Structure formats: C-alpha cells, structure tokens
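No experiment lies behind these values; they were computed from the predicted model shown. Chain letters run A, B, ... following the sequence lines, proteins first and then strands; every chain starts at 1.
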There are 2 protein chains.
Amino acid sequence: MTAAANQSGRRPTTSRRLERAGIRDVAAAAGVSITTVSDALNGKGRLPEETRSRVREVAERLGYRPSAAARTLRTGRSGLIGLTVTTYGEEPFTFTEFAYFAEMARAATSAALSRGYALVVLPASSRHDVWGNIALDGTVVIDPPDQDPLVSELYRSGVPVVSDGKPGNCPVTAWVDNDHEAAVLNILDHLSEAGARRIGLLTGTSTDTYTRLSTEAYLDWCRRVGQEPVYETYPAHDPAAGAVAADRLLARPDRPDAVYGLFDPNGTDLLAAARRYGMRVPDDLLLVCCSESDVYAGTEPPITTLSLKPRRIGTTVVNLLIDAIEGVDSGTGVDVGRLFPPRFRTASAGPPPGTLMPTELIVRASSQRRSPRTTVSPPRLPGEV
Amino acid sequence: MTAAANQSGRRPTTSRRLERAGIRDVAAAAGVSITTVSDALNGKGRLPEETRSRVREVAERLGYRPSAAARTLRTGRSGLIGLTVTTYGEEPFTFTEFAYFAEMARAATSAALSRGYALVVLPASSRHDVWGNIALDGTVVIDPPDQDPLVSELYRSGVPVVSDGKPGNCPVTAWVDNDHEAAVLNILDHLSEAGARRIGLLTGTSTDTYTRLSTEAYLDWCRRVGQEPVYETYPAHDPAAGAVAADRLLARPDRPDAVYGLFDPNGTDLLAAARRYGMRVPDDLLLVCCSESDVYAGTEPPITTLSLKPRRIGTTVVNLLIDAIEGVDSGTGVDVGRLFPPRFRTASAGPPPGTLMPTELIVRASSQRRSPRTTVSPPRLPGEV
DNA sequence: AGGGGTAGAAGAACCGTTTCTCCATGAGAC
DNA sequence: GTCTCATGGAGAAACGGTTCTTCTACCCCT
C-alpha cells in the first residue's frame, strides 16, 4: 500500500484516479491551508487581497469546483426549490394541458435562477423516496388540495412552503392567488354590457380553489341579478370531456347567449360547438374563456380571454419563498426576527399571509356584439379594406 | 455546558433545538449501532429480519429521514439530473413557445421519477454559480449549439451528457434525435401526391440541428425533383416574425401552392395569411406544419401536422442517461464494463452512440385536396398548369 | 479439544466543505 | 520592556450518512 506516501493531508495515494481537484489540492498548490482557501473563495475571513487573488488564481488553474454536496451538508442550504404540481390520473402531472402551468413554471424558474436557486420539478404523487432523497430549501406547490398530506409533512418538517392558489386546509408559509371572484364578476358584467341575456358557465368537477371560487362567484352573480344559472361541469383534466360538455351546454333548452369557459381549451371547443349548432360568434353567442394561449388571437373570430398572468404569479411565489428561506431560519424559532420582523409564521400564529393578484381581460371580437363586421361576408381579399 | 451529558455519540446536548432525528438518534433508540441502522434501512449487511424490522419501526416512529446531502457526499450520487434548454434572447428559456419542449420535459420528468431520479431545470445561460452549486449525476441537453462550452465542460468533468438533437461538435455520451430528413421527405412526397406543384418552406434562421437538417432535406428534395426552392426564413424564437414571414411567403411572385412550416405557430400564421390573400385551404393551398399542439385538430380546416413524438424522445433520452449513470462509473474507466459491454464512451473512442426515432404525420384536411368539399373552386391560381 | 467458518453487529475512516477557535507575529501605547 | 490589539492564517471539529474492516460468539467437523 506504500504507506506514508500521502500527498495533501490524509488521502492515501492508493489508486489515485484522476478525480476533480478538491479544496485540499488547491490549498497544497497555493501553499496555504484549506481554511484560507475557503475564506478566500467565499470572501470571508481576514485576508489581504493579494492572498485572495493568488488562491483564486490557483483554484481557477486547477479547475476547482467546490462539491455541492459537501457544502450543502455543512451549511444546510442546497439552493434547490421544489416545484410541485397537482396530478391528475395516469400521467405524473399535467403541464402542457394548461399553458398556465408552463408559463408559471417558466417564470418561477427564471425568478429562482436570478436569485441563485434552481427548481426541481416534483409531482405531488411521486414516489416518497424521491422526495426524501432531495435536499430542498423550500417548495412551491401549485393549487394544493385540501389537507394535502405532502404539504403538511413538508411544513411540519420545517421546509418553507408557498402555494400558488389559496390553500384550503393545509398550513403554508405564504400563498399567492388571483382574485378569482373579481375576475368572474368582471367578465359577467362585461358580457352583460355586450348584450348578453343569459350567461352560461363551463366549469369543472374538481374541488380546487380556482374552480370552486369561480363557480361560486358565478352563482352569486346569478342570484344577485336574478338569472337562472346555466352551467355544465366536466372533469377538467380530460380534454375530450370538454368538447362534450361544451356541446351539452349549447344543446340545452335554456340555451345561453353567452358563455364563459373556465379552462383553456374551452374556447375552441365552444367555437366548434357553436358552429355545429349554426350559431354565429359573437352575433348569436358571446364567448370568453380563461386561457394563456395566444392562439385565440388568431381564431375566427378572435376570442376574448382572461389571463391569470402566470408569469407574475410564478415570480411572486418564488420570491416569497426565497424571502422565507433566507429571512427565517426555518422552524425552530431560532434566529427569527433577526433581519425580518416576524412576518412569516412567527410560531404558527394566525393565518399565513396571502397575496391577491389581479387578472387581465383581453377583449377580442368574440365578446363584442357591436363589432364592425356585421354580416356573414366572406373573407376579404387583399385588395379591399 | 454540562459536559458528559452526551446522548448518542458525540453531539453535545448544548442548545438541543429540536432538529430532525438523525441516524444516531435512531441507533440509540433502537439500541444498536448506526452501522446496523444504515444496513437495516438500506437492505445491506447480514442482519436477521427481526433486527431489520425493529430498526425500521423505530426509524418510522422517530420520523427519521436520511439527509440527502450526507448521502450524496458519501456515495457520489445525488439522484438529480439537469435538464438544459437552449435559450433565446432575454427570457431564460423558451418553454411554452414550443409545446414540444413542454411535452418532452414532462415525459423526461416522468421517466426520471420512475427510476428514482428528479429533474432540475437549468437554462444553459444561467449563472455559472448555479450550475456549480448543484450536484448533478448527469444532464440532458436539448438541441445544443455547436461547440457549446457548457456541454464540453460538463463532459470533461465526467458528468454524463445525453442530448436531444444530434450534437454538432460537442462531445456527448449519447444522443437521440428524430429522423428529420425522412420526415421532411415524407411530407414533401405527401404534398406532391395531393397535387402540389410548387411546395414552399417556412424555416428558421438559427443553426440548430433541426432547422439545418430539415432545410437541407428540403433543398435536396427540390434538386432531385427539379423544383425551384421557395422558402422564407425568420428567427424562430420571435412569434411575431413568424406571421410576417408567412405573409412574405404567400406574397411572392412565385407563390407556392403548398407550404410546410417548420415551427409550431406556423399553421395558424399561414392559415391567417392565406385568408388575407383569399386563398382557400386546401383548395388553393396545401398546408402542413410541425406541431405538437392539438389545436390544429379544431381549426377550420383542420391542419395536417408532423409530430416529433416528444414524449418518446424525452423518455428515451432520460433512460439512456440513467443507463450511463448507473452502468459506467463516469470518466476514469474504473468499473467500466462490469455490467455493460463498453457501449458508452469506452474511452472516448469513436463517435457517441446515437438513436434516430421516427416521426408521425397526422394527416388532416389541410393537405388533402380530394376532400368532398373541393367541388366549388377553380383549382389553380397562377394561370394555367 | 482444537480449528475453521459464519452470523451478527460494532468501530472507525471517509466524503469535502464551512466555520469556530486559537496561535503567532508585529506595531503601537504605556 | 511589557501589554494590548489587530492582522494573517492554521487546526480541527462538525455536517450526517455509508462502508470497509474487525471482533466476538457460536456451531460444526474431525
């Protein structure tokens, strides 16, 4: 074993496969201690600038990259944030179905990155061992169901949790949501002003906050203005069911003359259904749906959409989470209030702080009856105006 | 300090904040050594089933979760896989623009999860410190540009890299791609059979493999059949530019009677442009575009699309990567060939193994002139045959 | 009875950092 | 001259697991 042939401390030279340079190698090469290397590279300690730069240079020359695992172990921070999306059915998670998620995740990733964190995508339903095997500094959950056991466990074990969507019953550090009531009310008023007499709703069967709040706001509005509710529900995760529900809605005897669809694909589904029933949009049917997709700018006619501004939500959620991670020493109460006043979970006192964000209604032809294109004229040729 | 009040080894009782239980706590509670706990929980060592279950039970009771950081430090495996997407312009990465990415990422996440790994989303352009701060077992790169410095550095430092998209010049462990040549040729033949006389192409200005191979295949085909190429290029990351390019293509004096658009939004853009120019689809213009979106099933008319089958790609890429991670001990040649024949980078000998996967053409009304609705129209615009 | 094999479990090194503590040294104050 | 204090830097203890090695019985065989 050729003992006593050590090189830089204690590592035996046996089978010296060319591994990445460690902090000890840098220290040896620079002729200083590992303490000095660490301090120099992290801008800590009391070192003259000359030493610092020399160490930096040696580290650079050796291609030194500190071990993330070791740093995480020592400091307790991994720089990793979980992103949990609610799951439906077979596939681990929906992502594409709703452009909202994709946009939101994208903004969240971006926001995290700019503060030095990275996002780990983790379906809520994934194997427990995967969750346990990752050192997470905090987690973003999207629309957690009531009493989500995963969220509860995370929160209990001291990991900050910020949710997109007002949480039902699970404890979270903070939450962000759109003002869904206001959004729905605004849409219904908008449709009324455009001349709608009977406004229908296409909604979902699930119990998530978005669906529930929106539907309740619709029912409230109906009560207030004295309209009989006209709505159809379907499992929102099933794209085929949406088309069927749209059809059902327009096939009713009390057929509505305006419809708001809560989910992204409702716009095209309703448009197709309207065509099948010979209804012209917006002349016979006013249409609005909630969507982040810009295909609705190009449909015939273009469809008015409600945007939940997912980028804004994603950014806000992540920033709140990182504030919580960095401001509070997560859990035991130690260090609380050193930098921050006790804004975040002083000791689970009171409800978690929530933020409501406005939505944006993008008005297009489908919800404006006074549109200039009065008749069924065929598409205009390039020459005409 | 109340010395000699230690509890389970060496941790001083001083300031015993209620931390998560460690392996030592479990060992103490179960009356065994930490070795035994580790072995029992990981199914190693020689232990009677009785001891195993007892330890498991105690661990469960204490809510013990092994520290991911510590395990990673010791074993050298983090269970984390990076997912790098090419970036354009300001925003960290495109994700929604191309449903392809979203679908692919989703499938990749799913495949990784089912093998016990999680995905970390990391734009190639993100701050270097973020990359350095994460212990990655391997990385998936989507469509790396030639000579990507990031990929090179990763590969050099021993991290397995599998790319979606045949890599230009950067070394990778393996790669997966669609058979783009075959796909384009197939589409052009399909359009020819449907009666196209002059097929145009809407393509991009960037130099990624997809754009390059597809365009070259188109030009080759033109040469072979003796058609003058008719194409317009635009920066694919700019959605507005796409509409303009579509317009340009149909405004040309040598206006094509069929168009293939390489990017997702081209379908709607071309449809809109055709309307503007009074061209009917498919009567005056045959249309195909590459897209994963199912909105093209509902447009008027429905548009034929080429699917790159991103789920299949994502799954394959991840499985190849994990095979490489688990089969080969990354880099030094040690352990190579214990389980696997030297399929993956024996010692950087020869080109990395690549896999070509087929695409799928989803034929809809926009590319079939023999549709029953054809009767009413004068077939060709630009004069006679 | 002695020796070898094996089951069951404990000891301790090690993974690569960060960070707390402490030690020289030299300059200025008295 | 000694005391203090600041400066520059080294030593070594964590962090919390995994795993290689060793140790002790105990049983079986000859």
*Taking only heavy atoms on the protein side, list every residue of residues 45-57 of chain B lying under 4.0 Å from any atom of DNA chain C, sorted numerically.*
B/Arg46, B/Leu47, B/Pro48, B/Thr51

*Determine which pairs satisfy salt bridge (charged side-chain N to carboxylate O under 4.0 Å, His left out) with at least one residue from residues 58-74 of chain B, sequence neighbours left out, and list them in order.*
A/Glu153-B/Arg65

_Main chain of A/Ser157, side chain of B/Arg20: is a donor-acceptor contact present, judged purely on distance under 3.5 Å?_
no

*If only side-chain N and O atoms of A/Ser33 are considered, is one of them under 4.0 Å from the OP1 or OP2 phosphate oxygen of D/dA10?*
yes

*Protein-nucleotide distance (B/Leu41, atom CG; D/dG16, atom P), rounded to Å*: 17 Å

_Separation between CG of B/Asn319 and OG of B/Ser114, rounded to the nearest 0.5 Å_ = 7.0 Å

*How long is the line joining CG of A/Leu73 and C1' of C/dG16, in whole Å?*
9 Å

*Identify the heavy atoms of A/Pro160 and A/Thr173 that sit nearest to each other, and give their distance.*
CA-OG1, 3.4 Å

*Looking only at non-hydrogen atoms, find the nearest pair between A/Val140 and A/Val318 and report the distance.*
CG2-CG2, 4.4 Å

_Tell me the closest heavy-atom pair linking B/Ala105 and B/Leu83, and the distance in Å._
CB-CD2, 3.8 Å

Tabulate protein N/O versus nucleotide N/O from nucleotides 18-21 of chain C, keeping only pairs under 3.5 Å, one per line.
residue : atom : partner : partner atom : Å
C/dT18  : OP1  : A/Asn42 : ND2          : 3.2
C/dT18  : OP1  : A/Arg71 : NE           : 3.0
C/dT18  : OP1  : A/Arg71 : NH2          : 2.9
C/dT18  : OP2  : A/Ser38 : OG           : 2.7
C/dT18  : OP2  : A/Asn42 : ND2          : 3.3
C/dT18  : O2   : A/Arg74 : NH1          : 2.2
C/dT19  : OP2  : A/Lys44 : NZ           : 2.8
C/dT19  : O4   : A/Thr35 : OG1          : 3.3

*Do the side-chain N and O atoms of B/Thr36 and B/Ser33 include a donor-acceptor pair separated by under 3.5 angstrom?*
yes

*Using the side chain to side chain contact (heavy atoms under 4.5 Å, CB included) rule, take B/Arg77 and B/Thr72 through it: C-alpha gap first, then chi angles, then the decisive distance, then the call.*
CA-CA 5 Å; B/Arg77 286 228 203 302; B/Thr72 299; over 6 Å; no

